[in-house]
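Taking it in order: structure first as C-alpha cells, then the write-up.
Predicted model, so just to flag it, every value in this text is computed and none were measured. A note on names: the letters A, B, ... follow the listed sequences, proteins ahead of strands, and every chain is numbered from 1.
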Amino acid sequence: MIRVRFAPSPTGYLHVGGARTALFNWLFARHLNGTFILRIEDTDQERSTEESIEQILEAMRWLGLDWDEYYRQTARRSVHQQLAQELVDRGCAYMHAGAWWFRVPKEGETIVHDELLGDVPFQNAQLKDFVIRRSDGSFVYNFVVVADDADMRITHVIRGDDHLNNTPKQILIYEALERPLPHFAHLPLILGPDRTRLSKRHGVTSVLEYRRRGFLSEAIVNFLARLGWSHGDQEFFTRDELIELFSLENVGSSAAIFDEAKLFWLNQQHMKAADPEELCELVKPFVLEKGLVTQAMWEKANPERLSHGVTLLRHRCKTLHDLADVMTILFPVPIEHEKEIHLDEEEKTLIGALIETLERVEPFTPQASEEAIRDMLAARGAKLRDVAPTCRIAIAGRKAGPGLFDILSLVGRGLVLSRLRALVKERGV
RNA sequence: GGUCCCGUCGUCUAGUGGCCUAGGAUAUCGGGCUCUCAUCCCGGCGACAGGGGUUCGAAUCCCCUCGGGACCA
C-alpha cells in the first residue's frame, strides 16, 4: 500500500512551491490508489500560527487536494520521545552536554537511491555526529521527520530537493532504528525570474492570492503539474487526467522558473472549458465585489442569460476579474464608457434609425436583428462600421467584444434601448 | 568555504546513440477572418553553456571548464 505525505510548517501561507510538492504527492497517491497524508509540522512554536494552518488547509481545499489522514506534529511528542530513547537504548545515540547526539559511522558511505536523481553517494566521514534532541528537550528536524515518517509507515518521501543533503542523515536513523527505508524522490525547486529560490520578493507566491486574482484552481493545478512534469506535447490537463497520467518517471530533474505568462493562457483555456453554470458561480463573487451589481440583482437574473453571458464573453478573458468586468453589462447598472462618444449629425440620425429598428425586431435574436439592421443600413446607404463602434460603446462600454448582434441579444432589448436612448438624449437629439 | 544537485528557444518542455537540417506550448512579431477585440487558422523569430574524448554516428555516454541553485558552516 502506497503512503505519502505533505508536511508543511505553518509559518506562513501556502506558496506555489509547497503547493507543487503537495500536488505531486497527491497525484502520486491518487494515481496508485494510495493514501495521502497531511502532516502539519508545527513544532517550531515561535513561528507556527493557527492562522497559517487554517490558510494552508484552505489553500489545499481550494486546489482540490483532499487528504486521507491528518496529523499535527506537536501532538506526537511521545512518539518522538520513544524513538529517540530507542536510539539511545540501541547505543546509536549518546548524551553529551545536555543534548542527545546521533552516532554517525566514521567510515563508509551512505547512498541515497533517489527515484529522480539516481544514486547519490555521501561520505559518512563528512556527516559527523549530529544532535537529535536539544538540551531544552526539543527534537531536531532531521530526527522528527524520520520518527514520523517511520511511525506513519510512509512508503515514498516526495519533497523538494533542498532536503537532499539531509537525506543521508535520515537514512542512517532509519537504519539505526531498523525500520524499512522509504523510497525517496527529490523534486527540483521552483525558481524566480532571477533564478534564485522562489520567494515573496518575486511577487505573488501565495496560492490563495491567485484565487483572489481570479484564477481557477484547475488552471493552477495544471500549471504547477507542468512545472517539472510532462506528458508528451500535451499542455492542457484536467485534474482527472493528471491523476490518470501522472508518474514520477516523467518528472524532470532541473529547476523551473515560475513564469506567469503561461498561467494566464492556461487560465483562459480552463475558463473556456468550464461548465457555463459552474463558471457563473465562480465569477459571481468577483462581479459582486466590483460593487455595482448587488446580490439581489444577481439572484433575480435569469440563470440561462448568465450562462449565455459567460460562454459568449469568456473568450477574451484571462481571469475571472476580466470576466466579471464585462458581465456587468448584463445588469441595469451604469456602464463605464472607455471613451467619450462624439456624435455628428449623420450618426445621430443613424442611431435614431437603429433604435426604431430594434424596437420592432421580432424575435430579438442575433439573426433577426442582424437582418433588420443590415436592411436598414442598406436602405440608407450606410455601412455597419458607421454605427457599430458607437453602438458598442453605448451598450457595452467598449469597442472590443463579441459580435455586435450577439451583444444586442445578450444584453436584451430593454437594456439596449434604454442605453441607446440615454446616449441620444445626452447628445440632445 | 565544504558537500550535493542542475544546465535544450526569453519561459515551460519533448528528446533515454541514428527517426533531430532538434518537436510542441507560451511569449513576441506578421498575415487571414470580423463591425471591433478576442477566439481560431497560417506563418516568422528563437535553444542542445563551452572544450575535449568514446563511437561509423552524440542534445543523448565519459572527463574538464564555466554558469546557476540548494544545504551546511
ask   = Between atom CG in A/Leu127 and atom C1' in B/rG2, what is the gap in whole Å?
value = 12 Å
note = To the nearest angstrom, the CZ-P distance between A/Arg159 and B/rC5 comes to 16 Å
task = Would you classify A/Pro193 as touching base, sugar-phosphate or nothing, given that sugar-phosphate means primed atoms plus P, OP1 and OP2, and contacts are heavy atoms under 4.0 Å?
result = nothing
key: Separation of B/rC71 P from A/Asp161 CG (nearest whole Å)   = 9 Å
key: Annotated protein contacts, base or backbone, on nucleotides 58-63 of chain B with a non-hydrogen cut-off under 4.0 Å, one of B, S, - each   = ------
inquiry  = Counting only side-chain heavy atoms from C-beta out, which of B/rA70, B/rA25, B/rC37 sits nearest to A/Lys262?
reply    = B/rA25
ask   = Of the nucleotides B/rU26, B/rC4, B/rU11, which has the atom closest to the A/Trp265 side chain?
value = B/rU26
ask   = Looking at A/Glu41 and A/Arg72, does any basic side-chain N land under 4.0 Å from a carboxylate oxygen?
value = no
message = Using whole Å, what does the distance between atom P of nucleotide B/rG69 and atom CG of A/Asp194 come to?
response = 8 Å
task = Compute the ring centroids of A/Phe143 and A/Trp100, then answer whether they are less than 6.0 Å apart.
result = no
query = Pick from A/Phe215, A/Phe236, A/Trp265: which one makes a ring pair (Phe, Tyr, Trp, His ring centres under 6.0 Å) with A/His270?
reply = A/Phe236
request  = Between A/Leu227 and A/His315, just flag the one whose closest nucleotide in RNA chain B comes earlier from the 5' side.
outcome  = A/Leu227
request  = Look through every strand shown and name the nucleotide pairing with B/rC66 as Watson-Crick or G-U wobble, where both distances are under 3.5 Å.
outcome  = B/rG7
query = Where the side chain of A/Ser254 is concerned, which of B/rG7, B/rA70, B/rC35 is the nearest nucleotide?
reply = B/rG7
message = Ignoring hydrogens and geometry beyond distance, is the side chain of A/Arg392 in donor-acceptor contact with the base of B/rC35 at under 3.5 Å?
response = yes
key: A/Asp151 and A/Arg76 ion-paired at < 4.0 Å   = yes
key: Distance, C1' atom - from B/rG15 to B/rG24, rounded to whole angstrom   = 11 Å
request  = Report yes if the side chains of A/Thr11 and A/Thr49 come closer than 4.5 Å at any heavy-atom pair, otherwise no.
outcome  = no
task = Assign A/Arg314 to base, sugar-phosphate, or nothing according to its heavy-atom contacts below 4.0 angstrom with the strands shown.
result = nothing
message = Taking the C1' atom in each of B/rG52 and B/rG46, what is the distance between them to the nearest angstrom?
response = 28 Å
Intermediate values then yes/no, side chain to side chain contact (heavy atoms under 4.5 Å, CB included), A/Phe286 and A/Met327 = CA-CA 10 Å; A/Phe286 290 88; A/Met327 282 296 280; over 6 Å; no
task = May I ask you to say what A/Gly228 touches in the nucleic acid, namely base, sugar-phosphate or nothing, with a heavy-atom cut-off under 4.0 Å?
result = sugar-phosphate
message = What I want to find out is whether A/Glu370 reaches A/Arg374 closely enough, with some N-O distance under 4.0 Å, to be called a salt bridge.
response = yes
task = Would you please test A/Phe246 and A/Phe24 for ring pair (Phe, Tyr, Trp, His ring centres under 6.0 Å) and show each step?
result = CA-CA 8 Å; A/Phe246 186 81; A/Phe24 280 27; 5.2 Å; yes
ask   = Charged N to carboxylate O below 4.0 Å: is that the case for A/Glu260 and A/Lys318?
value = no
query = Which nucleotide sits closest to the side chain of A/Gln126: B/rU3, B/rA27, B/rU36?
reply = B/rU3
query = Counting any heavy atom closer than 4.0 Å, what does A/Leu404 reach on the DNA or RNA strands: base, sugar-phosphate only, or nothing?
reply = base
note = From CZ of A/Phe130 across to C1' of B/rA73 the rounded distance in Å is 16 Å
ask   = So does A/Lys399 reach the base of B/rC37 with its side chain, donor to acceptor, closer than 3.5 Å?
value = no
remark   = Winner on side-chain proximity to A/Leu164, out of B/rC35, B/rC12, B/rC5, is B/rC5
query = Of all the nucleotides listed (B/rC71, B/rC12, B/rA27), which has the minimum atom distance to the side chain of A/Asn165?
reply = B/rC71
note = Taking a pair to mean Watson-Crick or G-U wobble geometry with both distances below 3.5 Å, B/rA22 pairs with none
Inter-nucleotide C1' distance (B/rC12, B/rG51), Å rounded = 29 Å
key: For B/rC35, the Watson-Crick or wobble counterpart (both distances under 3.5 Å)   = none
query = Using purine N1 to pyrimidine N3 plus N6-O4 or O6-N4 for Watson-Crick, or N1-O2 and O6-N3 for G-U wobble, each under 3.5 Å, what pairs with B/rC61?
reply = B/rG53
inquiry  = With heavy-atom distances below 4.5 Å as the criterion, would you say the side chains of A/Thr110 and A/Lys169 are in contact?
reply    = no
inquiry  = Expressed as a whole number of angstroms, how long is the span from A/Leu198:CG to B/rC12:P?
reply    = 12 Å
task = Using the P atom as the reference point in each nucleotide, state the distance between B/rA58 and B/rG18 in Å, no decimals.
result = 12 Å
inquiry  = Taking B/rU11 as the reference, what is the distance to B/rC45 when you measure between their C1' atoms (whole Å, please)?
reply    = 15 Å
request  = Return the nearest nucleotide to the side chain of A/Ser230; candidates are B/rA70, B/rU13, B/rC5.
outcome  = B/rU13
request  = Both distances under 3.5 Å, Watson-Crick or G-U wobble: report the partner of B/rG2, or none.
outcome  = B/rC71
ask   = Among the nucleotides B/rU11, B/rA25, B/rA70, which one has an atom lying closest to any side-chain atom of A/Arg195?
value = B/rU11
query = Which part of the nucleic acid, if any, lies within contact of A/Lys272, taking any heavy atom under 4.0 Å across all strands shown: a base, the sugar-phosphate backbone alone, or nothing?
reply = sugar-phosphate
note = To the nearest angstrom, the CE-P distance between A/Met271 and B/rU39 comes to 12 Å
key: Nearest-angstrom distance, P atom, B/rG68 to B/rC29   = 31 Å
ask   = Side-chain N or O of A/Arg316 less than 4.0 angstrom from OP1 or OP2 on B/rU36?
value = no
ask   = Nearest of B/rG69, B/rC35, B/rU3 to any side-chain atom of A/Phe122?
value = B/rU3
request  = Mind calculating the distance between CG (A/Asp406) and P (B/rA38) to the nearest angstrom?
outcome  = 17 Å
task = Could you give the distance separating B/rA22 and B/rG30 at their C1' atoms, to the nearest angstrom?
result = 25 Å
note = Between A/Gln269 and A/Gly403, whichever has its closest RNA chain B nucleotide further toward 5' is A/Gly403
query = P atom, B/rC64 versus B/rG2: distance in rounded Å?
reply = 16 Å
request  = Check if the side chain of A/Glu235 and the base of B/rG24 share a donor-acceptor pair of N or O atoms closer than 3.5 Å.
outcome  = yes
inquiry  = Can you tell me which nucleotide in B/rU39, B/rC71, B/rC35 comes closest to the side chain of A/Phe405?
reply    = B/rC35
key: A/Asp148/A/Arg5 salt bridge by N-O under 4.0 Å criterion   = no
request  = Classify the nucleic acid contact of A/Phe223 as base, sugar-phosphate or nothing, counting any heavy atom under 4.0 Å across all strands shown.
outcome  = nothing
